[in-house]
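Just so you know, these numbers use all the heavy atoms, side chains as well, and skip hydrogens, waters and symmetry mates.
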Amino acid sequence: MSLSTTITTWGYTHYPLSDVGNKGRSRFCSPGFMPHLKMKFSTNPSSLSVSAVLTKEQTDAESKSKKQAMEFKEYVLEKAISVNKALESAVSIKEPVKIHESMRYSLLAGGKRIRPMLCIAACELVGGVESTAMPAACAVEMIHTMSLIHDDLPCMDNDDLRRGKPTNHKIYGEDVAVLAGDALLALAFEHIAQTKGVSSDRIVRVIGELAKCIGSEGLVAGQVVDIISEGISDVDLKHLEFIHLHKTAALLEGSVVLGAILGGAPDEDVEKLRKFARCIGLLFQVVDDILDVTKSSQQLGKTAGKDLVADKVTYPKLIGIEKSREFAEELNKEAKAQLVGFDQEKAAPLFALADYIAYREN
């Protein structure tokens, strides 16, 4: 009896298991990942040999995959708990009660906390510690939350659902929602200014980086071009890339760069990590575009298909879903290439976060 084994991960099949890494890149860092083995048997007794059993290499690969998946889940849980605790204490209920309730409603509504994790992981990669990066990690999440509150407003995307809950303006009204976003934006910079154990020069540099990634040359630029592009039929890939590099990638880039600067990285390493972040930032939006047309509102925790309804230009609209998936793969590879040369054990969370962004389902 001969045995051949294939391993399927997230829809990609690698043949055989002992050749994982040669004929296909295995995805061992996704949370919840578990290989599904498919066995094929022949009835030829003479072929019973080493091929009839899992080789040591195959067993080791499976064991490694489970270990890496477990380590990443533990990492995500640990960092999420730390970030949520810091965010909880950053915005307490005080007068005026309504504005602080509104801020907390969206800030503490859950979410993946990818941006804070990227900030902390980048800081730790270059020799820093979590406590040094935490104020900046909270700041980028505050700004991200601000952008969501404003993005959901009737004058923008006019959305009723965010993270599986009614959007901020549906609960507190448009006026308070606008002000809650404004308050979170201001609080973000106040929070970074309170960073301990870092030189004032680095803090000033971090504040400058953060301001640039959200201003008229960053997130806001992407939002504006996105708005004025609705309904335009001749939008090309270069135009779409500009929108996503600014609207989505800029803050993800800022998250990584802030962590690297606070951790004391030399300029050369900061720029490598900037490129890494730019790739995963664009990757995040490509995947978002795909999910918008392939998942339900219940699965996403937000309104599905809204880009199609608003006649917005997206990667699936321009190049199709399969080409969009291929582009996502290329971006993931390019991102990981920037991490070569760093301590691979310390870089493991960034590798895993890149895969998580690439293969997330909401």
Could you go through R278 and L245, starting from their C-alpha distance and side-chain angles, then the distance that decides it, and tell me whether this counts as side-chain contact (heavy atoms from CB on, under 4.5 Å)? CA-CA 7 Å; R278 192 168 295 162; L245 281 174; 3.6 Å; yes
Between D152 and M156, is a side-chain contact (heavy atoms from CB on, under 4.5 Å) present by the stated rule, with each step listed? CA-CA 6 Å; D152 291 335; M156 298 286 281; over 6 Å; no
Are F284 and I280 side-chain neighbours, meaning at least one heavy-atom pair lies under 4.5 Å? no
Within one Ile-Leu-Val-Met-Phe-Trp-Tyr cluster: I232 and V313, side-chain cutoff 4.5 Å: yes
Using side-chain heavy atoms (C-beta onward) and a distance below 4.5 Å, is P166 in contact with D160? no
To the nearest 0.5 Å, what is the distance between CZ (F327) and CD1 (I319)? 7.0 Å
Interatomic distance, NZ@K85 vs CE@M134, rounded to 0.5 Å, equals 10.0 Å
Return the minimal non-hydrogen interatomic distance between I203 and I192, and the atom names on each side. CG2-O, 4.1 Å
Ignoring hydrogens and angles, tell me if any N or O in the side chain of D289 forms a donor-acceptor pair with the backbone of Y315 under 3.5 Å. yes
Any chance you could measure D234, atom CG, to D236, atom CG, to the nearest 0.5 Å? 8.0 Å
Indicate the atoms forming the closest heavy-atom contact of G218 with H246, along with that distance. O-CB, 3.1 Å
Under a 4.0 Å threshold between the charged nitrogen and the carboxylate oxygen, would E253 count as salt-bridged to K275? no
d(D226 CG, F242 CZ) to nearest 0.5 Å is 11.0 Å
Are Q223 and D151 side-chain neighbours, meaning at least one heavy-atom pair lies under 4.5 Å? yes
side-chain hydrogen bond (donor to acceptor under 3.5 Å, both in side chains) contacts in which one or both residues fall within residues 186-206, not counting sequence neighbours: R205-D267
Sub-3.5 Å donor-acceptor pair from the side chain of Q338 to the main-chain atoms of E334, do we have one? yes
Determine the minimum heavy-atom distance between I214 and I143, stating which atoms define it. CG2-CG2, 3.5 Å
What distance separates L252 CG from I357 CD1, expressed to the nearest 0.5 Å? 6.0 Å
Answer yes or no: is there a side-chain heavy-atom contact under 4.5 Å between L318 and L240? yes
Pairs of donor and acceptor atoms involving the side chains of residues 115-127, under 3.5 Å and at least two apart or interchain, shall be tabulated with distances.
from: R115; atom 1: NH1; to: H144; atom 2: NE2; distance (Å): 3.4
from: E124; atom 1: OE2; to: K79; atom 2: NZ; distance (Å): 3.0

Between L331 and V286, is any pair of side-chain heavy atoms under 4.5 Å apart? yes
Less than 4.5 Å apart, side chain to side chain, heavy atoms only: is that true for N168 and S102? yes
Verify same cluster id: L273, L283 (apolar side-chain graph, 4.5 Å): yes
Output every pair passing ring-ring contact (aromatic ring centres under 6.0 Å, His included) with a member in residues 91-130, not counting sequence neighbours, ordered by first then second residue. Y105-Y172
Residue list, side chain to side chain donor-acceptor pair (under 3.5 Å) with E271, at least two apart or on another chain: R274
Those residues that, when tested against E241, pass salt bridge (charged side-chain N to carboxylate O under 4.0 Å, His left out) (two or more places apart): none
Linking Ile, Leu, Val, Met, Phe, Trp and Tyr through side-chain heavy atoms less than 4.5 Å apart, which residues share a cluster with L77? I81
To which residues is I93 joined in a hydrophobic cluster, defined by side-chain heavy-atom contacts under 4.5 Å among Ile, Leu, Val, Met, Phe, Trp and Tyr, whether direct or through other members? V97
Is there a path of hydrophobic side-chain contacts, each under 4.5 Å between heavy atoms of I, L, V, M, F, W or Y residues, that connects M103 with V140? yes
Is the number of heavy atoms from other residues, nucleotides or ligands within 6.0 Å of CD (E268) greater than 12? no
Please walk me through it: do L153 and N158 pass side-chain contact (heavy atoms from CB on, under 4.5 Å)? CA-CA 5 Å; L153 289 168; N158 192 23; over 6 Å; no
With F342, which residues qualify under ring-ring contact (aromatic ring centres under 6.0 Å, His included), at least two apart? none
The criterion is salt bridge (charged side-chain N to carboxylate O under 4.0 Å, His left out); which residues satisfy it with R113, sequence neighbours excluded? E141
Side chain to side chain, Y356 and K112, heavy atoms closer than 4.5 Å: yes
Is the shortest side-chain heavy-atom distance between V257 and V270 below 4.5 Å? yes
Taking salt bridge (charged side-chain N to carboxylate O under 4.0 Å, His left out) as the test, write out the residues that go with E326, two or more places apart. K323
Compare every heavy atom of D159 with every heavy atom of H169, then report the nearest pair and how far apart it is. CE1-O, 3.2 Å
What's the spacing between L184 CG and M142 CE if we round to 0.5 Å? 7.0 Å
Pairing of D355 and K336 as salt bridge, 4.0 angstrom limit: yes
Looking only at side-chain N and O atoms, does D288 offer a donor or acceptor that is under 3.5 Å from a partner on T248? no
Test item: R104 side-chain N/O and V91 main-chain N/O as donor-acceptor pair under 3.5 Å: yes
Between L148 and L107, is there shared hydrophobic-cluster membership here, with clusters defined by ILVMFWY side-chain heavy atoms closer than 4.5 Å? no
Other hydrophobic cluster members with V129, side-chain heavy atoms of Ile/Leu/Val/Met/Phe/Trp/Tyr under 4.5 Å, chained? none
Would you please name every residue forming a salt bridge (charged side-chain N to carboxylate O under 4.0 Å, His left out) with E322, sequence neighbours left out? R325
Which atom of I149 lies closest to which atom of A177, heavy atoms considered: CG2-O, 3.3 Å
Is there a continuous path of hydrophobic side-chain contacts, each under 4.5 Å between heavy atoms, that joins V287 to I114? yes
For L262 and A133, which heavy atoms make the closest approach, and how far apart are they? CD1-CA, 4.3 Å
Evaluate the side-chain contact (heavy atoms from CB on, under 4.5 Å) criterion for residues H239 and V225: first the C-alpha distance (whole Å), next the side-chain angles of each, then the deciding distance (0.1 Å), finally the verdict. CA-CA 9 Å; H239 186 97; V225 176; 3.5 Å; yes
